[in-house]
Protein chains: 2
Amino acid sequence: MQTFSPTEENYIKAIYHLSKGKETVATNAIAEAMETTAASVTDMLRKLNDKQIIDYTKYKGVSLTTEGRIIATQLVRKHRLWEVFLKEKLGFAWDKVHDIAEQLEHIRSEELTERLDGFLGNPKFDPHGDPIPDAKGRIHTQNYKLLSEVSEGEQVVVVGVKDSSAKFLNYLDSQKIALGSKVQMEQKVEFDNSVKVKIGDTNTMISDMAASLILVM
Amino acid sequence: MQTFSPTEENYIKAIYHLSKGKETVATNAIAEAMETTAASVTDMLRKLNDKQIIDYTKYKGVSLTTEGRIIATQLVRKHRLWEVFLKEKLGFAWDKVHDIAEQLEHIRSEELTERLDGFLGNPKFDPHGDPIPDAKGRIHTQNYKLLSEVSEGEQVVVVGVKDSSAKFLNYLDSQKIALGSKVQMEQKVEFDNSVKVKIGDTNTMISDMAASLILVM
DNA sequence: GCACTATATTAGTTGATTCAAAAAAGCAAA
DNA sequence: TTTGCTTTTTTGAATCAACTAATATAGTGC
């Protein structure tokens, strides 16, 4: 299996992020994002094209190949998992985690990534609220919604949280809310957007703040 | 503050480890340790000498300067802290942690190191039993001894453990042994090397296996 | 001083990354 | 379809880190 230098990986990531929405990414767009010149980018594009990471046609922009997309999502996965670790476990402020994660994402060890994921409780979102791809590179944002968005009468299952601090997890514990819990939306209070839900046989009030951090489907 | 490439850092670490006991380290010794040629080493020595990391006199071998020694111990500190993390938190086997720590030790962030240290409970030893330098680079091996080495009648204070797995820490908890606990050695049993100690007002039997993992002074 | 070993120097290679300047391609309006 | 403009590519080269083979020199034990 071929490996990539940190610089190559950063190019791959940049192309991935710039691809959002667009079919192809322009050379100049990459140059701007990487704070370098178009000439350097063209150089790297030829290299990544040879390695079959991108589909590159001169003057026509680039797109990631399937393999390129896998590499990119794995980088994003690692980056965001490390961000969760830095914030939730080491207590870094959420705005300080990015730069260190930028270094940590280049550590090469699949086993490390998977063990870290498990250790963190398979988080679905990083401290900035961005979704974390799973080991296969899938991001399932669209399937999820927030508990605060569920309609009255609807029954849903808890699949994740956007905040995995000890404080919030303890709160969930005390309310008997866990991953996999079946939750029935009983009533939505207009006044403060809090919600009344039924979990098992008991009714519980949950504030809007908490309900906006609980992911369900 | 000047920074160093991973390769430079590896040279510094090698010189540090080869300095054990000796006054100076020979070029060839470094070449062998780094699996390279003496010529490459000489190159790097000149470079590190210019950066004031080592004292280098041609044909006379090298030694680390004070600054070099600080950098080396910080690298060792980071390496061993990450090893503890990988083993105790992520559940890696002790013989698998070295290679990944070899990568992680090059991550640049003092705050990361100090927060990691705190998160791990300021461990004094890595999974191989090697001592972890503190933030100031000090290694206090000589002050410590194992509980199993204490003489009858002696009173000591618990300052660390060599195994910080949940299993062992739970055991210590149940025996009311914590960091800072005063322990009086009552009796050493010759048959199985277990020890009888007094903690507060209560007497407890501790097996040789456990007593050999508890650091006291 | 001789022979041997350790070390240093020289001169050059490789690979990664970058860039300035010039050329080419694409594009769109006249 | 020509012109003018923008974008992109190519060219040619520079830099840097790391390394090495071959050669020269220093140190050391006898």
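Heavy atoms only: backbone and side chains are in, while hydrogens, waters and symmetry mates are out. Just so we're on the same page: letters track the sequence lines, and every chain starts at 1.
- Closest non-hydrogen pair, A:L75 versus A:E105, comes out as CD2-O, 3.7 Å.
- B:V97 places a side-chain heavy atom less than 4.5 Å from the side chain of B:H128.
- Among the protein residues, A:T7 comes within range of the sugar-phosphate backbone only, with heavy atoms under 4.0 Å from sugar or phosphate atoms but none that close to a base.
- Rounded to whole Å, the distance from CG on B:L48 to P on D:dA17 is 12 Å.
- Closest-nucleotide positions on DNA chain C for B:R46 and A:S5 were compared, and the one nearer the 5' end corresponds to B:R46.
- Closest approach of B:D163 to B:L169, counting heavy atoms only: O-CD2, 4.5 Å.
- Residue B:P123 comes nearest to B:D117 through the heavy atom pair CD-OD1, 3.6 Å, listed as atom of the first residue, atom of the second, then distance.
- For the pair B:I12 CD1 and D:dA18 P, the computed distance is 11 Å after rounding to whole Å.
- Of the candidates D:dT20, D:dA17, C:dA20, the closest approach to any side-chain atom of B:K47 belongs to D:dA17.
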Quick one: which protein N/O atoms are closer than 3.5 Å to N/O atoms of nucleotides 2-8 of chain D? Pair and distance per line, please.
residue	atom	partner	partner atom	Å
D:dT8	OP2	A:N28	N	3.0
D:dT8	OP2	A:N28	ND2	3.0
D:dT8	O3'	A:Y59	N	3.4

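- Atom pair B:L45:CG and D:dC19:C1' shows a separation of 14 Å (rounding to whole Å applied).
- Rounded to a whole Å, the CD atom of A:E9 is 15 Å from the C1' atom of C:dA16.
- Taking 4.0 Å as the cut-off between side-chain N and carboxylate O, B:R77 and B:E114 count as a salt-bridged pair.
- Between the P atom of D:dC19 and the CD atom of B:E35 lies a distance of 12 Å, rounded to the nearest Å.
- Across the protein-nucleic acid pair, B:D43 atom CG and C:dA11 atom P stand 14 Å apart, rounded to whole Å.
- Summarising the geometry, the separation between CG on B:N49 and P on C:dT7 is reported as 16 Å, rounded to the nearest angstrom.
- Rounded to whole Å, the distance from CD1 on A:I30 to P on C:dT18 is 13 Å.
- B:Y11 comes within 4.0 angstrom of sugar-phosphate atoms only, judged by non-hydrogen atoms across all strands, and of no base.
- Of all the heavy atoms in B:N193 and B:D208, the pair that sits closest is O-CB, 3.5 Å.
- Considering only side-chain N and O atoms, B:T37 lies under 4.0 angstrom from the phosphate OP1 or OP2 of D:dT20.
- Considering only side-chain N and O atoms, B:T36 lies under 4.0 angstrom from the phosphate OP1 or OP2 of D:dT20.
- Residues B:R108 and A:Q103 approach most closely at N-OE1, 2.7 Å, considering heavy atoms.
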